[in-house]
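Here the structure comes first, spelled out in structure tokens, and everything after it is commentary.
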Amino acid sequence: MKRPPVKKKPRQQKTRSPKPTAELLFEIGMEELPFEFVAPALTALRESATRLFQDARLSCGSIKTYGTPRRLVLIVDELLAHQTAVVKETMGPSKMVAFDQAGQPTKAAMGFAAGQGVTVEGLEIRSTPKGEYLFAVKRDAGRKTATLLPELLPHLFETLSFPKAMKWNETGVRFARPVRWIMALFGGKVVPVQIAGIHAGNWTSGHRVMGSKKPITVRDFKSYSKSLEKLGVMLDPERRRAAIQQQIDRLCVKAGVGLNADDTLLDQAVYTTEWPCAVLGSFKPEYLAVPSEILITSMKEHQGFFSVRDKKSGKLAPHFIAIANNEPKNMALIRAGNERVLAARLADAKFFFDEDRKVTLEERGKKLTGVTFHQKLGTMAQKQERIRKLAAFIAARLDGGQDELQQVCDRAAALSKADLLTGIVGEFPELQGIMGGEYALHDGESTVVAQAIREQYLPKAIEGELPKTLVGQILSLADRLDSIASFFHVGIVPTGSEDPFALRRHATAIVRIVLEGKFQIDLRPCIDHAMDIVSNDGFKGVQDLEQQGRRRITEFVFERVRHYVRIVQGLRDDVIDSVLKSAYDKSVGLVDLVQKMKAIEEVTRKPEFDPLIVGFKRAHRLVEKEQWERQPVDPAKFQDASESILYNVIKVEGEKIGFALSMGDYHEALNYLVGLRTVIDAFFEAVMVNADDKAIRSNRLTLLKEVDELFMSFADFSQVVVQGR
């Protein structure tokens with residue numbers, strides 16, 4: 001009887017065990033940071049760690065940062081316990097140069113070997129397409145991460161920079177606030193590193209009030225975060241943000257009020273607390289007689305309080321919400337303390353408001369001669385007068401140049417900067433313009449004038465709210481055009497990332513006001529007039545900038561147009577350039593320019609457009625490259641019917657295109673241009689432009705020049721890219 005066959009077990013393949021990794025936990029503990037410093041520091045710490053470990057050939061899992069005013073924390077999951085090995089190969093001199101006829105190494109070989117840190121015998125000779133060359137091959141097995149971290153972590157610390165830094169001990173190290181402890185753990189073991197004279201350990205501190213005075217021993221991130229939670233530290237900023245928002249919402253529901261949402265205040269609350277606790281307080285209703293902007297700003301700027309409004313009326317309510325940095329047993333004490341401090345602030349604000357109204361804006365404006373605008377550009381009184389002249393100039397070109405509009409603009413501009421001398425604006429500079437409008441109403445000025453003064457600084461941010469009234473828009477345009485023209489005049493021009501007077505923001509505001517307000521206005525004479533006004537003020541200008549001033553400012557504004565239509569309108573770069581590059585020496589009507597861009601982008605989708613552009617570019621290159629004496633086109637010199645047809649079509653279609661352009665019908669003008677494709681193609685197929693007869697050649701080049709000029713009257717189509725080529 002045969003024995004059944006024995007089934008052999010399949011041979012198991014050996015699998016490589018994953019490379020060992022460990023968790024890195026790094027904390028910098030310090031005195032409370034200003035809230036504005038925390039979020040940028042966390043971003044910089046994460047980005048720096050990512051680059052550092054990548055450069056050090058240390059792969060890892062996630063890299064996260066957490067922070068409070070007292071601590072910046074880096075947590076790196078699955079950090080490789082050993083550097084990745086690498087082989088570096090460097091090509092040196094050729095074999096012929098490296099060895100003499102006897103086969104002995106020359107100075108070239110010995111110098112190359114010494115420079116690479118290897119022996120001559122260790123060099124390799126390899127064949128390359130250029131012949132045989134020496135190669136230095138260095139195999140770097142890498143080092144253990146535990147031995148690298150004492151070098152890397154100080155570098156992480158040093159890469160953190162702050163708007164303001166200080167020295168606090170004998171090491172002379174600079175940091176935003178004094179560092180009190182360093183915690184550094186890799187795989188649960190302390191990294192032996194010293195930073196700013198402080199030896200790293202395995203301990204941290206809890207909340208300054210709610211925590212224990214004794215340090216907390218830490219093993220890993222899990223035990224670290226749990227221990228901190230018990231001692232009053234909510235480590236994750238996003239958790240604190242959510243907790244603050246929930247607490248505020250509950251208080252608002254309970255009090256029957258609505259929150260005046262403020263993202264900046266919310267950020268401040270998140271990064272000034274480790275254990276946030278919201279509390280609702282009140283102030284005397286009599287303070288509501290003061291304009292709400294003053295009260296809101298006083299609560300925000302002085303105390304970091306949220307303001308609330310009555311849900312029914314929508315007006316400011318006599319309450320506030322403060323965010324405390326602990327959770328005391330008796331919240332009444334916290335509430336009373338905040339109410340007491342705010343009462344003093346509001347009393348000061350009311351005093352300033354009452355005193356300011358005793359002097360009219362017109363009287364204050366006379367004292368602007370004592371306020372410097374800029375050391376190279378005179379006083380604020382001079383700037384206000386320049387704005388007044390420029391506003392009148394702009395108003396004359398809008399709305400049919402009505403006298404009433406010019407008069408209102410003149411009055412608003414004449415009072416526009418007077419509130420800079422008021423007590424409230426001195427206390428809260430961010431209320432300039434707003435208080436000017438408030439005091440203008442008190443002085444008996446018209447609502448239109450007061451609203452324009454309020455709106456003159458809008459938009460305050462790149463994507464901020466725009467002025468809503470025509471006079472406010474004109475005043476804002478005049479102010480910004482004057483600033484750009486003035487600083488360009490004295491040679492203070494933005495370069496790279498340097499723009500101390502926010503001229504790019506001013507130019508963006510001009511672009512937004514004109515385009516979003518659909519202002520049919522040519523900016524060229526406005527720029528010219530702004531430059532003339534500054535020059536007439538007697539300020540010494542930079543000569544080369546003076547001579548090229550208009551084009552430089554136009555280029556500056558066009559750069560903001562380019563950015564705006566690319567981001568907001570989603571237009572192609574080549575289409576944008578085709579219109580802008582043809583507009584420097586023409587009318588600078590931004591609305592028309594953008595309409596041209598949209599029309600071109602739309603026509604580029606037509607199948608006949610690309611062949612048309614190919615034909616145009618051929619003509620454009622010829623008239624640019626060739627040299628000839630231009631004379632009027634002579635039909636008598638035509639030798640082919642295609643020349644006559646092209647000549648006649650240019651005359652007829654040219655008039656149609658010119659009329660369409662004058663009417664702003666850019667789609668129709670482009671349709672006429674597209675219709676030229678067949679006659680242009682027929683011309684190139686039938687004749688040779690560079691004929692042997694010089695007269696025939698010049699006549700054909702002039703004909704093509706007229707084609708080129710017809711296209712260029714719309715845009716510089718040489719900038720348009722033929723799709724797929």
Side-chain angles (χ1 to χ4, degrees), residues 397 462 477 480-481 484-485 488 493-496 499 503-528 530-531 545 547-605 609-610 612-613 616-617 620-621 623-624 657-658 660-662 664-667 669-670 673-674 708-723:
R397 279 152 182 77
I462 289 178
L477 284 175
R480 296 169 194 280
L481 270 175
I484 293 172
F488 268 67
V493 179
T495 56
D499 188 11
L503 299 186
R504 290 191 185 96
R505 181 165 59 81
H506 287 318
T508 299
I510 291 170
V511 170
R512 285 192 61 207
I513 290 171
V514 172
L515 291 181
E516 295 179 29
K518 293 182 171 52
F519 274 24
Q520 293 294 345
I521 185 170
D522 184 357
L523 284 182
R524 175 198 294 279
C526 298
I527 292 171
D528 288 347
M531 292 172 56
L545 288 176
Q547 294 171 351
Q548 306 172 23
R550 182 178 69 188
R551 186 174 180 89
R552 291 286 298 274
I553 293 175
T554 303
E555 287 175 349
F556 186 67
V557 173
F558 275 5
E559 191 56 43
R560 297 296 95 196
V561 173
R562 182 178 284 106
H563 177 78
Y564 180 86
V565 295
R566 185 194 299 125
I567 301 301
V568 177
Q569 309 283 357
L571 300 181
R572 283 167 32 185
D573 285 339
D574 59 327
V575 170
I576 298 168
D577 287 340
S578 71
V579 174
L580 293 185
K581 289 194 174 182
S582 66
Y584 284 114
D585 299 318
K586 299 177 184 178
S587 170
V588 185
L590 301 188
V591 174
D592 283 343
L593 294 183
V594 174
Q595 287 176 348
K596 280 187 177 182
M597 294 174 196
K598 290 180 178 179
I600 293 174
E601 179 126 341
E602 185 176 324
V603 81
T604 58
R605 303 186 185 100
F609 181 76
D610 282 0
L612 170 71
I613 292 302
F616 161 74
K617 287 189 174 184
H620 184 73
R621 285 193 298 269
V623 297
E624 271 199 332
I657 291 169
L661 287 174
S662 68
D665 193 345
Y666 301 124
H667 288 88
L670 278 173
L673 284 175
V674 170
D708 184 65
E709 289 175 345
L710 188 58
F711 275 79
M712 295 293 279
S713 68
F714 191 104
D716 183 357
F717 285 93
S718 67
Q719 301 296 322
V720 178
V721 177
V722 177
Q723 298 299 295

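One finds the NZ atom of Lys581 at 11.0 Å from the CG atom of Asp574 (value rounded to the nearest 0.5 Å). The structure places CD1 of Ile553 at 8.0 Å from CG of Leu481, a figure rounded to the nearest 0.5 Å. Here CZ of Arg562 is found 8.0 Å from CG of Asp573. Values are rounded to the nearest 0.5 Å.
Residues satisfying the side-chain hydrogen bond (donor to acceptor under 3.5 Å, both in side chains) criterion with Arg512, sequence neighbours excluded, are Glu516. Shown here are the side chain to side chain contact (heavy atoms under 4.5 Å, CB included) partners of Val591, two or more places apart in sequence or in another chain: Val514, Leu515, Gln520, Gln595. Looking at residues two or more places apart in sequence or on another chain, you find a side chain to side chain contact (heavy atoms under 4.5 Å, CB included) between Arg551 and Glu555, Tyr584, Asp585.
Side chain of Lys596 to main chain of Tyr666: no donor-acceptor pair is present (N/O by atom type, distance under 3.5 Å, no hydrogens or angles).
Residues Leu673 and Leu710 meet the side-chain proximity criterion, which asks for heavy atoms closer than 4.5 Å. Between Tyr564 and Thr508 there is no side-chain heavy-atom pair separated by less than 4.5 Å.
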*Given side chain to side chain contact (heavy atoms under 4.5 Å, CB included), test Val511 with Phe558 step by step and report yes or no.*
CA-CA 9 Å; Val511 170; Phe558 275 5; over 6 Å; no
*asked:* Working note: Met712 + Phe616, criterion side chain to side chain contact (heavy atoms under 4.5 Å, CB included); need CA distance, chi angles, decisive distance, verdict.
replied: CA-CA 10 Å; Met712 295 293 279; Phe616 161 74; 4.3 Å; yes
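Heavy-atom neighbours of Lys598 NZ from other residues, nucleotides or ligands within 6.0 Å: at or below the threshold of 12.
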